[in-house]
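Structure record follows, encoded as structure tokens.
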4 protein chains.
Amino acid sequence: MDPTSPQVACFEAGIKFGSLYHQFAGTPVSPDSADSLARAMEEAIENQPHCVAVTVSVREEPLRAAIDESGADYTELTGRFLDVSMTIDYEGCVVETSMAMEDGYPLMQVDSVVNPSQ
Amino acid sequence: MDPTSPQVACFEAGIKFGSLYHQFAGTPVSPDSADSLARAMEEAIENQPHCVAVTVSVREEPLRAAIDESGADYTELTGRFLDVSMTIDYEGCVVETSMAMEDGYPLMQVDSVVNPSQ
Amino acid sequence: MDPTSPQVACFEAGIKFGSLYHQFAGTPVSPDSADSLARAMEEAIENQPHCVAVTVSVREEPLRAAIDESGADYTELTGRFLDVSMTIDYEGCVVETSMAMEDGYPLMQVDSVVNPSQ
Amino acid sequence: MDPTSPQVACFEAGIKFGSLYHQFAGTPVSPDSADSLARAMEEAIENQPHCVAVTVSVREEPLRAAIDESGADYTELTGRFLDVSMTIDYEGCVVETSMAMEDGYPLMQVDSVVNPSQ
């Protein structure tokens, strides 16, 4: 069957999450540079179609722990340093999504879907 | 409302598309190296959860045209050189997706959603 | 032969250029988001060893032209939208490098090498 | 001072290393997909100017250990899973480079520089 609008809204939300993650994973990051990276991630992904809002914060505690363990002054961005939430609006269907750590892996998930036609 | 299984299946499909595109966009590519890149893209994304199959082919004609125009021996991978299709299976909901050029932009879309509970 | 300090300084400079380019190429970018991306690129690469300073600016004219041509509201970051300069200091050898367009390709080059032992 | 040919050769070698690392870091990888990724990395970077040969191998032991620890079937590519060597030839100056783990960080280094004019 053809996809419904809420299904396409969820597809669009997934695109943004995959884009954000794989565009920026591996970026050199330190506590001092975390804020500029988070802002760039938000504004870059908000350019994409149907993307209403992106909020990125870098979790300072695991970032500092990884840097201390490595002995260097920075590390590479990966999912365990990130909290992300996004709002997608596709033809009035609003999808809220977020990324959180679960079992040591960054889990991207759909938090809610609002379909105005129901 | 909480998402349905078909909606999560579409979200998962979107993640794979965004991942594939933004992990590999910018890779140096030529007609000789296109096949190894396409295979690596397929196998890399098939590692991700709920991803049954990925097919990537590099469109040789626009690739050669871009290289000829640039005067170099290679160019950077971007969406207009790619044909991609993917099958995602989330809890029995099977989503078929593809990427094709439309108005000069690579458009990622959901082709069909099969929900076994209906 | 083993590399000299100026040669290692140039190698380090090259690493930073390749990192900057291939980490961020493909990022969705528009005139409104160009500044935050440029700041993030600078601060991310300045984390890397021996990197004294990075200056990135997004060239607004070709960026606007590419967006106008595409019909979308944004495009993907690539070298023709970037002006970059960097200063690397390896054991007192200071290397100045820059990226500029030449024949339609972004050319990364070493502008000067100062070796204090000479 | 203007750079010498051996210095430019080292700069070019650095570009290739930074490109390889930041293009592919973060790619989903498993023991089954490691070979196709390694081949794609080699052939992609060999497209770049002055790059004679690239050899990439994925270190299976740390890759399996990381996957076992995570509980997933794959992980993200990072430097500790990679052995890389490259040969660069710029105007007859041949530079051999490699990447190896040192103190838990992937260290990129120049192994030798051969300058035919000396």
Side-chain angles (χ1 to χ4, degrees), chain A residues 12-58 60 63-64 66-78 81-82 84 86 88-90, chain C residues 12-58 60 63-64 66-78 81-82 84 86 88-90:
Chain A
E12 291 290 335
I15 291 173
K16 276 68 181 167
F17 254 110
S19 298
L20 181 146
Y21 197 90
H22 286 274
Q23 182 62 59
F24 294 101
T27 302
V29 63
S30 63
D32 282 352
S33 71
D35 278 354
S36 65
L37 182 56
R39 291 301 83 68
M41 293 171 76
E42 292 173 347
E43 293 196 12
I45 300 303
E46 286 175 350
N47 283 315
Q48 294 189 326
H50 317 299
C51 189
V52 177
V54 180
T55 305
V56 176
S57 61
V58 176
E60 194 161 323
L63 179 62
R64 287 192 183 278
I67 291 171
D68 287 349
E69 189 186 358
S70 75
D73 298 324
Y74 70 102
T75 189
E76 297 172 15
L77 186 70
T78 188
F81 306 137
L82 290 174
V84 181
M86 289 193 206
I88 304 297
D89 184 333
Y90 178 81
Chain C
E12 291 290 333
I15 290 173
K16 276 68 181 168
F17 255 110
S19 299
L20 181 146
Y21 196 90
H22 286 273
Q23 182 63 58
F24 294 101
T27 302
V29 64
S30 62
D32 283 351
S33 71
D35 279 353
S36 65
L37 183 56
R39 291 303 82 69
M41 292 171 76
E42 292 173 346
E43 294 195 11
I45 301 302
E46 286 176 350
N47 283 316
Q48 293 188 326
H50 317 298
C51 190
V52 176
V54 180
T55 305
V56 176
S57 60
V58 176
E60 193 160 324
L63 179 63
R64 286 192 183 278
I67 290 170
D68 287 349
E69 188 186 358
S70 75
D73 299 324
Y74 70 101
T75 188
E76 297 173 14
L77 186 71
T78 187
F81 305 138
L82 289 175
V84 182
M86 290 194 205
I88 304 297
D89 185 332
Y90 178 82

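Reminder, nothing fancy here: chain letters follow the sequence lines and each chain counts from 1.
- Each of C:Ala72, C:Ala40, C:Pro49 has some count of heavy-atom pairs under 4.5 Å with chain A, and the biggest count is that of C:Ala40.
- With a 4.5 angstrom heavy-atom cutoff, A:Ala25 touches chain C only via backbone atoms.
- With a threshold of 4.5 angstrom between heavy atoms, C:Ala38 does not approach chain A through any atom at all.
- When all heavy atoms of A:Val29 and A:Glu76 are compared, the closest pair comes out as CG1-C, 4.1 Å.
- Partner A:Glu43 forms a side chain to side chain contact (heavy atoms under 4.5 Å, CB included) with one of C:Pro28, C:Ser36, C:Ser30 and no other, that one being C:Ser36.
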Practice problem: Would you sort out whether A:Thr75 and A:Phe81 count as a side-chain contact (heavy atoms from CB on, under 4.5 Å), showing the intermediate values? | Solution: CA-CA 10 Å; A:Thr75 189; A:Phe81 306 137; 3.7 Å; yes

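- Interface residue C:Asp32: only backbone heavy atoms are found under 4.5 Å from chain A.
- Across all non-hydrogen atoms, the minimal contact from A:Glu46 to A:Ala53 is OE2-CA, 3.6 Å.
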